Trainee: 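Here it is: the structure, laid out below.
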Amino acid sequence: MRRKCHATLKPESTRPVNSTFLKLALDTPLDQVFDYRWVPEREDEAPPEIGQLALVPFGRRETSGVIIDVVHQSDVPPEKVKEVLAVRRNLPPLSGQWLSLCRFAADYYQRPLGEVMVPALPKNLRAGTPVSLERALKRLAKLHAAPDPTPVAAQELNAGQRQAVEAIAVAPGFAPILLHGVTGSGKTEVYLQTAACLLQRAQAAGQPAQVLILVPEINLTPQLEQNIRARFPGLPLATLHSGLAEGERLTHWLAAHLGQASIILGTRLAVLASLPHLKLIIIDEEHDPSYKQQEGLRYSARDLAIWRARQLDIPVVLGSATPSLESWQHAQSGRYRRIDLHERAVRNAVLPTVRLIDMERDKPSEGITSTLIGAIKARLEKGEQTLLFLNRRGYAPVLSCDACGWVSNCPRCTAFMVLHKPEHRLRCHHCSLEQRIPRSCPTCGNVDLQPMGRGTQRVEEGLQQMFPQARILRIDADSTRLKGSAQAAFDTVHRGDVDILVGTQMVAKGHDFQRLTLVGVLNPDTALFSHDYRAGERLFAQLMQVAGRAGRAGQQDGGNPSEVWIQTRYPQHPLYGAVMAHDYARFAAGLLEEREQAGLPPYMHQALLRAEARELQEALDFLSTAAGLMDHPGITINEPIPMTLTRVANTERAQLLIECVSRPALQAFLREWMKALRAARTRVRWSLEVDPVDI
DNA sequence: AGCACGCCGACT
DNA sequence: GTCGGCGTGCTC
């Protein structure tokens, strides 16, 4: 009440000298900050601080934002300026370093500041409802008091690992280190001992310290979390990933923000956490595409992590058996330091033997060649496990009618409806439309509709017929839809209650299955001829990764190394040659040469303007107009083209590729271009992606 | 993006 | 006569 009087006291007079305005970053697509008037409740109330959160009226609703400045003057007409509803006082303000990180991300990816900052904070902090920090803190104490598993001593390091730990630990200031080593070379041990080293040193110096460990997928957090807890009993650990409930997320975020968690383990979103005492960043499987956010703010968590390390002048470790070409090239040029782990650190372990099966000679039945069937049989007899990898879920990618040529097209997308047999459904993997499986052909009435091609469900069915006694388990996005079911499935495999595991890329990452001695790769060839120039790189990484799943059961008894069989129609393809030789360096050298000649990343910097409309022509026209909006010396703007998957959910999509050899020049152009595009109001939905990965 | 206002078609 | 379609406009 009193506030109202104050506000209307003398609207025409000069502003009071002591009036206070807050500049707020709000979660809105409008690229601007918003000024609000702040009035003290009591005479002696101190003004809010930069980095605190404020609740404000915005349009007809209430929203909260981050205070990015506190000023005594506003350029906004006084009648438009509204008053702050509340300031969250019971939270230490977000640091200047965190604000700079967000400012950089907003600037680099061309998004409004508030759209970066606000979604990076737990919803429960944003809401107007008061959050009792005490109760949060109590939960935190509980979190730390969780019974730790039996402590596990640090493993003895081999020469390569020791060199890596020392190099990282003594690194002065900003030091990007590419840790290159195959599965089983002991990268995790290097992470753990490096973290231990830094934390101990900080503790000895009486300094608080935090280590951020990023992993590509939620599925990988429980395993690593267990490792960390076993190694560091009692050490406060926070986890951050999208699987957390809001309450949990708040608790863990607070543990990080208040500096109480020493180790923060998380997926890409954790890179935007507030970490006041950050001293080391570790990015596991740094090449993994999951580090790229594919909607909203399309950031690369790896790139932001590196920026963050530079900002804080701390080391950052990028670990991978198959580094991204960007990182590999930086290592070649000397910008990153490369450390190779040559040996397999696990005792007696040798690399699995990788062999090809020529599908032209050995015709598969039920998608599996006789060679592979024989190898599976041998494993069943010895009580060992087999993993069959097929990156295609569902029963069959398309249902068709032999009589008239009808195929199960999605009515809303330029894609097939995928047959899901256990669910008795046709399902579009792009718009999620579902239909019953038609009994007969919708065009000609033929009752004999044929599934074409093969997904994990069909392979599972075929295996059940071939090996009726075997315990077969399928792990893919469909079989693990329920929360916790993925973990349960992996546990079943680890317990040894599975003979044959069939899975998509979900099974390719992270898990070591001790009794697994055979990996079969069913249909990798499609990636060889993809229009996406990164498909080969991804396939190579995937094959190396899935090959690494083979455990050491046979070897510990002095048996043969594990086997990997790849079924292919192109056994001469150089990619497979490099996989068989476990030779990433050769493969990368070849790709880098191709990329340089073709003018592709990492020798070129790209951005992609995407447009969506009801009619394709509208989208293309918009892109043409956008292309002609500004002069662009030194910048290549290509022809607008329809996207490969042109229509999704009845929306036609097109894109425009922008290229420049200079990143700063591209950034400068994009900044001006976005300003111009935002000013030109259009009916077409559009978005910009900087450093796109799927072209 | 939300969330309003505003002006034309099928219903209790 | 209203309910409601989504076109246009604004958010300190």
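All values reported here derive from a predicted model rather than from experimental measurement. Convention: sequence-line order gives letters A, B, ...; per-chain numbering from 1.
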Trainee: Can you list every pair that meets side chain to side chain donor-acceptor pair (under 3.5 Å) and has a residue in residues 111-120 of chain A, with sequence neighbours left out?
Mentor: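 As it turns out, the side chain to side chain donor-acceptor pair (under 3.5 Å) pairs with a partner in residues 111-120 of chain A, which skip direct neighbours, are A:Arg111-A:Glu115.
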Trainee: Rounded to whole angstroms, how far apart are CZ on A:Arg678 and P on C:dC10?
Mentor: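 Taking atom P of C:dC10 as the reference, CZ of A:Arg678 is at 18 Å.
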Trainee: Between A:Lys80 and C:dT11, does any side-chain N or O lie under 4.0 Å from OP1 or OP2?
Mentor: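 For A:Lys80, the contact criterion (side-chain N or O under 4.0 Å from OP1 or OP2 of C:dT11) is met.
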Trainee: Take the protein atom CD of A:Glu295 and the nucleotide atom P of B:dA1, then report the distance between them rounded to whole Å.
Mentor: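 For the pair A:Glu295 CD and B:dA1 P, the rounded distance is 13 Å.
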Trainee: For A:His632, what residues pass the ring pair (Phe, Tyr, Trp, His ring centres under 6.0 Å) criterion, not counting sequence neighbours?
Mentor: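 With neighbours one apart ignored, the set is empty.
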Trainee: May I ask you to say what A:Phe58 touches in the nucleic acid, namely base, sugar-phosphate or nothing, with a heavy-atom cut-off under 4.0 Å?
Mentor: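 It contacts base atoms.
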Trainee: A:Glu62 has an atom CD; how far is it from atom P of B:dA1, in whole Å?
Mentor: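 Value for this atom pair: 23 Å.
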Trainee: For A:Ala611, check side chain to side chain contact (heavy atoms under 4.5 Å, CB included) against everything at least two apart and list the hits.
Mentor: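 Only A:Ala619, A:Phe622, A:Leu623, A:Val684 meet the side chain to side chain contact (heavy atoms under 4.5 Å, CB included) criterion with A:Ala611.
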Trainee: Rounded off to whole Å, could you give me the CZ-to-C1' distance for the A:Arg111 and B:dA1 pair?
Mentor: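 After rounding, the gap between these two atoms is 10 Å.
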Trainee: Specify the separation, in whole Å, of atom CD1 of A:Ile68 and atom C1' of C:dC12.
Mentor: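 Checked: the CD1 to C1' distance equals 13 Å.
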Trainee: By side chain to side chain donor-acceptor pair (under 3.5 Å), which residues pair with A:Gln52, not counting sequence neighbours?
Mentor: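 In terms of side chain to side chain donor-acceptor pair (under 3.5 Å), with neighbours along the sequence ignored, A:Gln52 is linked to no residue.
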Trainee: Salt bridge check: are A:Asp288 and A:Lys509 linked by an N-O gap of less than 4.0 Å?
Mentor: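 Looking at A:Asp288 and A:Lys509, the cut-off is met.
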Trainee: Return the set of residues passing ring pair (Phe, Tyr, Trp, His ring centres under 6.0 Å) with A:His257 (not counting sequence neighbours), or none when no residue passes.
Mentor: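 Checked A:His257 against ring pair (Phe, Tyr, Trp, His ring centres under 6.0 Å); matches are A:Trp253.
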Trainee: Tabulate protein N/O versus nucleotide N/O from nucleotides 3-8 of chain B, keeping only pairs under 3.5 Å, one per line.
Mentor:
none

Trainee: Measure from CZ on A:Phe34 to P on B:dG2 and round the result to the nearest Å.
Mentor: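 Rounded to the whole Å, the gap is 14 Å.
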Trainee: Tell me, please, which residues at least two apart from A:Leu645 pass side chain to side chain contact (heavy atoms under 4.5 Å, CB included).
Mentor: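 Partners of A:Leu645 under the side chain to side chain contact (heavy atoms under 4.5 Å, CB included) test: A:Thr414, A:Ala415, A:His430, A:Val648, A:Arg653.
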Trainee: Going by the rule ring pair (Phe, Tyr, Trp, His ring centres under 6.0 Å), which residues pair with A:Phe416 if we only count those two or more places apart in sequence or in a different chain?
Mentor: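 Checked A:Phe416 against ring pair (Phe, Tyr, Trp, His ring centres under 6.0 Å); zero matches.
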Trainee: Name all residues meeting the side chain to side chain donor-acceptor pair (under 3.5 Å) criterion together with A:Asp107; count only those two or more places apart in sequence or in a different chain, and write none if there are none.
Mentor: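 Side chain to side chain donor-acceptor pair (under 3.5 Å) list for A:Asp107, sorted by chain: empty.
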Trainee: With a 4.0 Å heavy-atom cut-off, tell me which residues in residues 26-33 of chain A come close to DNA chain C, sorted by residue number.
Mentor: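 Within residues 26-33 of chain A, the residues near DNA chain C are A:Leu30, A:Gln32.
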Trainee: Give me each pair satisfying side chain to side chain donor-acceptor pair (under 3.5 Å) with a member in residues 91-105 of chain A, each pair once, sequence neighbours excluded.
Mentor: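 Output for this query is empty, none listed.
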Trainee: Taking only N/O atoms, report every protein-nucleotides 5-9 of chain C pair under 3.5 Å with atom names and distance.
Mentor:
from	atom 1	to	atom 2	distance (Å)
C:dG9	OP2	A:Arg681	NH2	2.6

Trainee: Test your reading of the model: is there a side-chain donor-acceptor pair from A:Tyr36 to the backbone of A:Pro57, 3.5 Å cut-off?
Mentor: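 Looks like yes, one N/O pair under 3.5 Å.
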Trainee: Nearest-Å distance, CD (A:Glu79) to C1' (C:dC12)?
Mentor: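 The distance from CD of A:Glu79 to C1' of C:dC12 comes to 11 Å, rounded to the nearest Å.
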